[in-house]
Number of protein chains: 2
Amino acid sequence: MTGNAAVDAEVTSRERVLRAAAYLFRTKGFDATSMREIAQLAGLGKSSLYHHVPSKQQMLGELVDHGMDQLTSALQRVATADLPTTERLRLAVRTHVLTYIEHRDSVACFIQEGRALTGDQRGAFFAHRDRYEGWFRELVADGIAKGEFRPTDVKLAVFAILGMCHWVVRWYRPDGGFPPEKIADDFAEFAVRGLVTGQEGG
Amino acid sequence: MTGNAAVDAEVTSRERVLRAAAYLFRTKGFDATSMREIAQLAGLGKSSLYHHVPSKQQMLGELVDHGMDQLTSALQRVATADLPTTERLRLAVRTHVLTYIEHRDSVACFIQEGRALTGDQRGAFFAHRDRYEGWFRELVADGIAKGEFRPTDVKLAVFAILGMCHWVVRWYRPDGGFPPEKIADDFAEFAVRGLVTGQEGG
DNA sequence: GGCGCCCGACGGACCGGTCGGTCGGGCGCC
DNA sequence: GGCGCCCGACCGACCGGTCCGTCGGGCGCC
């Protein structure tokens, strides 16, 4: 709430549209979602959408950015922690999973629908994604340099970890019987065990 | 010549159509791919597609089935191996990765585009997918029962492993600098390390 | 208070274009 | 000739997006 009634009204309406779009983009995909469906879910006529949003593409771009922001801002809080690399990896995976679950729709837009972007938005999307992956690569490389992690290909290790994390988008259901904390803990443990030194001789 | 090796091969028209469709479905997604594009890539007029395939939906269904068959038939060769569970897991992950890379387009249809199916095909898809996941769950549960794997939630462990594997669809490029064998080995090692007993006290 | 104006929110009708799919006919090979 | 393969032309439906009129609440002016 800003205290300004007129602004609040506009923000809420616009937000309703964006949330409806994010939900549909996540569950059906960008291309399979029509502006009519978004309008219906938001409780508006189709033409009214365009009072709040310039185009379907722009809407996706905004949602992708928002999803990315959720992940990066959550991760930055972890990045600065003064902890052993192993624990920072654990925190990073935990944070990713919990952030996704909390902001499912927009993060799913970022993870799943980014390729539907065009032009400048597409470039910005790839840049953001690379920066996000790069942060994980530094984390893993740091752990290897410090001897906390076994030596292994950094890119592949990050692909493995992020694949495990991103895939949550595809199977998580709020009523699926797994509390977010449980998923976050198990996945963090899985990632850490995959990288830490020990059990040599395989 | 189209310049696309997957389509240029000397095969029947029907196969050319299916391969073109699989390639486009993987790279652009089912909904973003038009029958006109498929026809063009296959070197045919749009109407000619319908001499080989009854509909776009049916085509996707066939490709999803085919991708699923590639994975399951490859996995069944591994399932019967008389090896410790740890080594069977390693083989399973290796096989999954290598099979995906060898049959990228149709397997990607199975992994990524299955949700675009409708009706009976949709039900069959979910059944196949569940059977595939079920096989992995039995493998993991078996390893835990035998004491080779640490006790952990089986479903989550399989989600983690399959997430890591399925995500290959999204980043693998033939010229990406990673030989398939390297990816398969690293991912198998990652999965095994995530599950085997040892390093307790975390 | 009462009146009139304004303006943002909204929706019905409609646009050009593209979608998946159909149809009738032509062309070449046996 | 007959048959398999193929294509241009075409269909109704639906796409994202626009146009323009309606509605109603807020605000200045008297």
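In what follows, chains carry the letters A, B, and so on, assigned in the order in which the sequence lines appear, proteins first and then strands, with residues in each chain numbered from 1.
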If you measure from the Lys or Arg side-chain nitrogens to the Asp or Glu carboxylate oxygens, is any gap between A/Glu133 and A/Lys155 under 4.0 Å?
no
To the closest 0.5 Å, what do you measure between CZ (B/Phe190) and SG (B/Cys165)?
11.5 Å
Six-ring centre of A/Phe159, A/Arg137 cation under 6.0 angstrom, axis tolerance 45°:
yes
For nucleotides 4-17 of chain D, give me one character per nucleotide, 5' to 3': B if any protein heavy atom sits under 4.0 Å from the base, S if the only such contacts are to the sugar-phosphate, - if neither.
--BBBB-----BBB
Considering all heavy atoms, the nearest B/Ala74-B/Thr99 contact
CB-OG1, 3.3 Å
Would B/Arg88 and B/Asp142 satisfy salt bridge (charged side-chain N to carboxylate O under 4.0 Å, His left out), going step by step from the backbone distance to the final call?
CA-CA 11 Å; B/Arg88 284 203 292 143; B/Asp142 182 59; 3.3 Å; yes
Which whole-number value in Å describes the distance from A/Arg14 CZ to C/dG8 P?
16 Å
Under the criterion salt bridge (charged side-chain N to carboxylate O under 4.0 Å, His left out), I'd like the reasoning laid out for A/Glu189 against A/Arg90: C-alpha separation, chi angles, the key distance, then a yes or no.
CA-CA 7 Å; A/Glu189 183 67 25; A/Arg90 195 185 299 275; 2.8 Å; yes
Runs of at least three Watson-Crick or G-U pairs with DNA chain C, cut-off 3.5 Å
C:1-30 with D:1-30
Atom NE2 of B/His66 with >12 non-hydrogen neighbours under 6.0 angstrom
no
Cation-pi, B/Phe30 ring and B/Lys56 (6.0 angstrom, 45 degrees):
yes
